[in-house]
Q: 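Before we start, here is the structure in question, set down as structure tokens.
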Amino acid sequence: MIRIAFSASDALWDSYQTLIPDACDAQGLTVDLQRDHLAETVDYLVYAPQSDLQDFTPFTRCKAVFSLWAGVEHIVSNATLTQPLCRMVDPGLTDGMVEWVTAHVLRYHLDLDTTLNTQDHWRPNVPPLAVERPVTILGLGALGQACAHSLTRLGFPVTGWSRSPKTLDGITCLHGDGGLQQALSTAEILVLLLPDTTETQDIINAQTLAQLPQGTRLLNPGRGTLIDDQALVSALDTGHIAHATLDVFRTEPLPHRHPYWAHPNVTVTPHIAAETRPVTAAQVIAENIARGEARKPFKHQVNRTRGY
Ligand code: NDP
Ligand code: OXD
């Protein structure tokens with residue numbers, strides 16, 4: 001019997017308590033999933049940041065910790081965690097992010113905020129076609145790549161930027177410090193899908209904002225720490241950045257007095273760009289447990305040194 005501990009909110013327990021055993025059963029694995037297993041008896045741990053668990057030392061026989069979140073900044077530098085850590089790559093979560101990014105890119109591209117129900121301009125300027133609207137995505141991981149392919153299918157010329165070099169069909173791939181300036185220089189719409197690491201914090205600052213074309217629109221479904229908020233507000237005030245749609249923030253919920261709430265050129269969404277979907281996520285966890293039991297390398301294992 002494989003023992004799995006679940007350390008996340010009550011609401012998540014309601015969803016996963018049958019989905020994970022069922023998905024494991026489909027993999028031919030018999031598991032006992034509980035919230036209160038003795039730590040030293042646990043084989044695998046399912047974890048979300050809302051959990052109180054901070055000390056992983058007692059989980060002496062645990063073979064892997066599976067994060068229910070894609071972003072692992074809450075746990076990645078926990079020194080008591082010596083077991084392999086896997087982040088969430090879930091087809092349902094990916095689809096959600098593709099929908100959110102595509103919707104907001106199209107909103108900006110078609111200038112929907114101006115053209116919906118307006119009496120003032122009967123025929124405002126006709127927007128260019130997608131093929132004439134360059135989009136840049138910082139971060140070409142599971143989510144950035146899926147969004148890039150979706151936007152490419154709609155005709156947008158997409159440039160993506162990552163740490164390591166990549167070759168992706170139909171996408172201009174740039175990487176490293178040298179590629180960032182080029183990636184920013186063409187971005188009429190900029191999408192941030194980087195993780196929160198020491199290297200990515202404040203990557204959008206006064207200097208990088210100045211490298212963007214006049215009037216860029218910015219989407220941040222990545223993490224709040226990617227942006228120097230004061231620098232962004234200044235760039236919005238001058239119009240250098242025409243508009244920003246922000247889903248993630250340094251402090252969440254976004255405090256009531258934060259300047260973003262009142263700024264006319266900012267749209268706030270409440271960290272809803274993409275949710276882990278229990279049905280598909282349970283299958284991903286079960287597949288990874290099957291890999292662990294077969295002594296195969298885990299999928300989506302976090303590199304603790306890189307921080308993602
Ligand atoms: P991945 O780990 O798959 O991808 C991360 C990408 O960022 C990779 O392409 C990586 O490069 C790149 N990257 C990381 N550090 C650097 C750097 N220093 N310089 C250049 N590129 C860098 O993550 P996901 O795509 O799954 O998720 C991205 C983020 O989205 C998550 O970390 C999370 O913060 C956020 N998220 C937000 C959600 C929301 O609802 N708002 C929901 C889910 C996730 P390389 O490919 O070379 O490794
Ligand atoms: C995640 C998130 O990282 O929801 O999964 O932001």
Side-chain angles (χ1 to χ4, degrees), residues 8-9 11-12 46-51 66-76 85-101 103-104 136-150 158-168 171 173-184 190-205 208 219-227 245-250 252-254 267-278 280-281 284-285 299-308:
S9 65
L12 290 176
V46 176
Y47 172 90
Q50 305 95 332
S51 152
F66 300 122
S67 169
L68 289 175
W69 283 41
V72 289
E73 69 279 3
H74 298 278
I75 184 178
V76 72
L85 170 65
C86 300
R87 54 193 207 83
M88 180 50 68
V89 177
D90 157 35
L93 179 144
T94 303
D95 287 349
M97 186 60 83
V98 167
E99 290 176 16
W100 189 93
V101 168
H104 288 282
T136 289
I137 303 179
L138 302 190
L140 274 181
L143 300 177
Q145 282 192 32
C147 293
H149 287 306
S150 164
V158 177
T159 297
W161 181 74
S162 54
R163 173 201 286 268
S164 54
K166 296 199 192 306
T167 307
L168 298 173
I171 295 159
C173 295
L174 302 170
H175 68 278
D177 292 344
L180 180 59
Q181 187 167 357
Q182 192 184 338
L184 295 174
L190 177 68
V191 183
L192 307 182
L193 273 168
L194 293 163
D196 172 3
T197 70
T198 46
E199 286 186 19
T200 61
Q201 281 168 19
D202 286 330
I203 195 161
I204 298 303
N205 54 44
T208 47
L219 300 179
N220 185 16
R223 281 294 182 260
T225 51
L226 302 175
I227 296 178
T245 296
L246 309 172
D247 184 59
V248 282
F249 306 91
R250 283 167 194 269
E252 294 183 7
L254 183 65
T267 298
V268 169
T269 63
H271 199 144
I272 44 81
E275 277 285 317
T276 300
R277 306 289 160 152
T280 40
V284 170
I285 290 168
K299 281 187 164 177
H300 318 306
Q301 194 172 330
V302 171
N303 178 322
R304 305 287 293 277
T305 314
R306 286 189 322 209
Y308 69 98

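One-based numbering, in listed order, for ligands and for the atoms of each. Since the model is a prediction, treat every value here as computed from it, not as a measurement.
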Q: Between Asp196 and Arg250, is there a side-chain N and carboxylate O pair less than 4.0 Å apart?
A: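 Salt bridge absent between Asp196 and Arg250.
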Q: Minimum distance, heavy atoms only, to atom 28 (C) of ligand 1: which one of Leu246, Val89, Leu193 is it?
A: Leu193
Q: Suppose I only count heavy atoms of Gly71 and a 4.0 Å limit; which atoms of ligand 2 are within that range?
A: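 Those qualifying, in numeric order: 1 (C), 3 (O).
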Q: Applying a 4.0 Å heavy-atom criterion (strictly less than), which segment of Glu73 is in contact with ligand 1: side chain, backbone, both, or neither?
A: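 For Glu73, there is no contact with ligand 1 at all, from either part.
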Q: For atom 8 (C) of ligand 1, what is the nearest protein heavy atom, given as residue, atom name and distance?
A: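 Answer, as residue, atom name and distance: Gly141 N, 3.6 Å.
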Q: Would you say Arg306 has any N or O atom under 3.5 Å from an N or O of ligand 1, going by distance alone?
A: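 N/O-N/O distance below 3.5 Å does not exist for this pair.
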Q: For ligand 2 and Leu93, I'd like to know whether there is a polar contact (N/O to N/O, distance under 3.5 Å).
A: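 No, no N or O pair falls under 3.5 Å.
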Q: Show the atoms of ligand 2 that are less than 4.0 angstrom away from any heavy atom in His271.
A: 2 (C), 4 (O), 6 (O)
Q: Return yes or no for this condition: an N or O of Arg223 is under 3.5 Å from an N or O of ligand 2.
A: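 Yes; at least one N/O pair falls below 3.5 Å.
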Q: At under 4.0 Å between heavy atoms, which part of Met88 makes contact with ligand 2: side chain, backbone, both or neither?
A: neither
Q: For atom 30 (O) of ligand 1, which protein heavy atom lies nearest, and how many Å away is it?
A: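 Its nearest protein heavy-atom neighbour is Leu143 CD1, 3.8 Å.
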Q: Please write down residue, atom name and distance for the protein heavy atom closest to atom 46 (O) of ligand 1.
A: Lys166 NZ, 2.7 Å
Q: Answer yes when Glu199 and Arg306 have at least one side-chain N-carboxylate O distance shorter than 4.0 Å, and no when they do not.
A: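 A salt bridge is absent here (no side-chain N lies under 4.0 Å from a carboxylate O).
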Q: Which ligand 2 atoms, with their elements, are less than 4.0 angstrom from a heavy-atom of Ala274?
A: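 Here the atoms of ligand 2 in question are 4 (O).
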Q: Kindly identify the option in Arg223, Arg163, Glu275 whose heavy atom sits closest to atom 17 (C) of ligand 1.
A: Arg163
Q: Looking only at distances, please establish whether an N/O atom of ligand 1 is found under 3.5 Å from an N/O atom of Met97.
A: no
Q: Counting only heavy atoms, tell me which of Trp161, Trp69, Trp100 gets closest to atom 19 (N) of ligand 1.
A: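 Residue with the shortest heavy-atom distance to the ligand atom: Trp161.
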Q: Would you say Thr197 has any N or O atom under 3.5 Å from an N or O of ligand 1, going by distance alone?
A: no
Q: Starting from atom 29 (C) of ligand 1, which protein heavy atom do you reach first, and at what distance in Å?
A: Leu194 O, 3.8 Å
Q: Consider every N or O of Ile272 and every N or O of ligand 1, then say whether any pair is closer than 3.5 Å.
A: no
Q: Between His300 and Trp69 (judged by ring centroids, cut-off 6.0 Å), do the two rings come close enough to count as a pair?
A: no
Q: Based purely on interatomic distance, does Ala70 place a nitrogen or oxygen under 3.5 Å from a nitrogen or oxygen of ligand 1?
A: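 Checking ligand 1 against Ala70, no N or O pair falls under 3.5 Å apart.
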